[in-house]
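Below: the structure, in structure tokens.
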Amino acid sequence: MFEILDYLKDHVLMINLLIITIYLGFEIISKVPTVLHTPLMSGSNAISGIVIIGAIILVRQADSSDYLTLVLGAVGIVLGTINVVGGHAVTNRMLEMFKKK
Amino acid sequence: MQYIELLYIVSTVLLIVGLRKLSSPSTARNGNVIAALGMGSAILVSIFSPMANDQGNLLYIFGAIAVGSVIGMVYSKKVEMTGIPELVSVFNGFGGACAVSIAILEAYKFDASSTIGLMGTTYMALFIGGVAFTGSLIAYGKLAGKVKDWKSGISSYFNLVWLALCLGLIVYQVANPSAYEYLPIIILVVSLIYGLSFVWPIGGADMPVVISLLNALTGIAAALAGMVYGNMVMLLGGVLVGSSGAILTILMCQAMNRSLINVVVGGFGASATSVAADQGDIKETTANDTAIMMRYAQNVMVIPGYGMAVAQAQKACKELDKSLTSRGVNVNYAIHPVAGRMPGHMNVLLAEADVPYNKLIDLDDANSMLSDTDVCLVVGANDVVNPSALDDPGSPIYGMPVLEILNAKNVIVLKRGMSKGYSGIENPLFFHDKTKMLFGDAKDTIETLNNEVKVMD
């Protein structure tokens, strides 16, 4: 139990940021028109690909003989990149169609 | 060189600004570009910032990024506009899988010095990422028509038990880290199965809500992974997606007048009870009659649905619209918030066919215009015009706002056959006195209507 409290205490700054960002996320989206729900979902989906950074850090720190980490980490990077690149590209395609008058 | 990490802050700001701009129609395109720049810079920083115990391995990193970029680009260019919801779902699943691969590797690095908080966070990232992964794949399969709804009375109990099992195993593992070597793998498998069993029973029209929910989950998994690495941009980016995804999910539920619990626990359509068999007769009409009716109408309202999109009838519809408009008929399009496979999906499909934005009328305005409408042309729409939502408390969609097209003087329904809609609910509209059916492929029928209108002068 104390270990959990200690963990929270050591991460006070992070928890602060967490709360502010949760609130920010709610505020940013709270008045979005229905027309944009699909592009917005797709765009925020691309942003969730930020998890790729974890895979990159993992591979950077992996020993060059630790093939399990290297391969599984690389697979993670591939999947994350598909999420990021594909997500932004498909969102752009959708939004392009709104532009034409 | 430590200053390079300050660039993470720039990336975070770009992500926030990008998301903000994405939620307003005039700035959405820029928003997407800004968010992409933020992502790009964050990824570059993560590759080049100085790091303790750095082994390089740049070949693996750049190789993987190149492969992922090519796959992502190819699929996003190749996809039909009607297939976008499926694709978004798959992409989201990959994000979840990425979180899973990190978390499982981290889980096997734990030693005596690892704190409970760190372990708990990692296992939660594993669990949520796993649920987002398999859940998204099932959602993809359902949208693409490859996976059928499956529902039985016990599925929600099974899900509760399974969820408790997942969380129980995680608590046990964190409390006894070295008890069983294979427990992290078992937690992974149980999480993956929970993702399947959680999404599988959720029926037809609720899929957009589920995809949005899974998207929020992927964001939360990313945020948890960010806590594991103490990486701010991962944490904040993930939380931003998690919280904005959560509110978007709630907004979608509101558009359908349903609660989130209802969506997740109660099936919608999969177990639709059939209404009494005595529905009256259907009345067929001909293209010629319909064309005459529209040609001499004052106001025509088109109600597009997913059926229009699969028949690729948007362009034909736009041509018919042009012919009628040049002959003094007012043509508008009534867009239900959940027309298509996702909210706003229909607007994208019509925009692709160059239908002017100001002709797209949203639900409330359309409903107030319908009493002055002479002809309502329903093109491949089903559930969004179902009058059961208004007057049949026994219907699974009772209470959902729909287009009240029976207020119009005439209703023509273009349909291929008498099959039920995506949600599998019977539609009494087709048997109503005011309704006439015009069977056939939507694109061919609309082209025929257009030719008939043209030869009338």
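Protein chains get the first letters and strands the later ones, always in sequence-line order, with residue 1 at the start of each.
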Are there more than 12 heavy atoms of other residues, nucleotides or ligands under 6.0 Å from atom OH of B:Y75?
no

Evaluate whether atom OH of B:Y108 has more than 12 neighbouring non-hydrogen atoms of other residues, nucleotides or ligands under 6.0 angstrom away.
yes

Who among [options] has the most heavy-atom pairs with chain A under 4.5 Å?
options	answer
B:S212, B:G238, B:G219	B:S212
B:P25, B:A52, B:A97	B:P25
B:N358, B:L251, B:T115	B:L251

State, to 0.1 Å, how close A:G25 and B:I247 come at their nearest heavy-atom pair, and which atoms those are.
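Scanning both residues, the minimum pair turns out to be O-CG2, 4.4 Å.
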
To check you understand the geometry: which heavy-atom pair defines the closest contact between A:I47 and B:A35, and what is its length?
CD1-CB, 4.0 Å

Does [X] reach the main-chain N or O of [Y] with its side chain, forming a donor-acceptor pair under 3.5 Å?
X	Y	value
B:N32	A:H88	yes
B:N215	A:M41	yes
A:N83	B:F94	no
B:N57	A:A62	yes

Name all pairs fulfilling the salt bridge (Lys or Arg N to Asp or Glu O under 4.0 Å) condition that reach into residues 43-67 of chain A, sequence neighbours left out, sorted by first residue then second.
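Counting only pairs at least two positions apart or across chains, the salt bridge (Lys or Arg N to Asp or Glu O under 4.0 Å) contacts touching residues 43-67 of chain A are A:R60-B:D54.
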
Kindly state each residue pair satisfying salt bridge (Lys or Arg N to Asp or Glu O under 4.0 Å) with at least one member in residues 67-80 of chain A, sequence neighbours excluded.
none

Closest-packed option against chain B by number of heavy-atom pairs under 4.5 Å, given A:N92, A:V90, A:I82, A:V59
A:I82

Heavy-atom pairs under 4.5 Å with chain B: which of A:S64, A:G73, A:A55, A:G49 has the most?
A:A55

Checking B:L22 against A:S44 for the side-chain contact (heavy atoms from CB on, under 4.5 Å) test, could you report, in this order, the C-alpha distance in whole Å, the side-chain angles of both residues, the deciding distance, and whether it holds?
CA-CA 9 Å; B:L22 256 173; A:S44 70; 5.9 Å; no

If we only count heavy atoms from C-beta on, is the B:K109 to A:L58 side-chain gap below 4.5 Å?
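Yes, side chains in contact.
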
Would you check if B:S244 and A:I28 make a side-chain contact, meaning some heavy-atom pair closer than 4.5 Å?
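With C-beta onward as the side chain, the pair stays apart.
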
Is it the side chain or the backbone of [X] that comes within 4.5 Å of chain A heavy atoms, both, or neither?
X	result
B:L240	both
B:L87	side chain
B:M346	neither

I would like to know whether A:I56 and B:S46 meet side-chain contact (heavy atoms from CB on, under 4.5 Å); could you show each step before the answer?
CA-CA 7 Å; A:I56 291 172; B:S46 72; 3.5 Å; yes

Between B:I102 and A:V51, is the side-chain contact (heavy atoms from CB on, under 4.5 Å) condition met? List the steps.
CA-CA 9 Å; B:I102 304 170; A:V51 69; 3.8 Å; yes

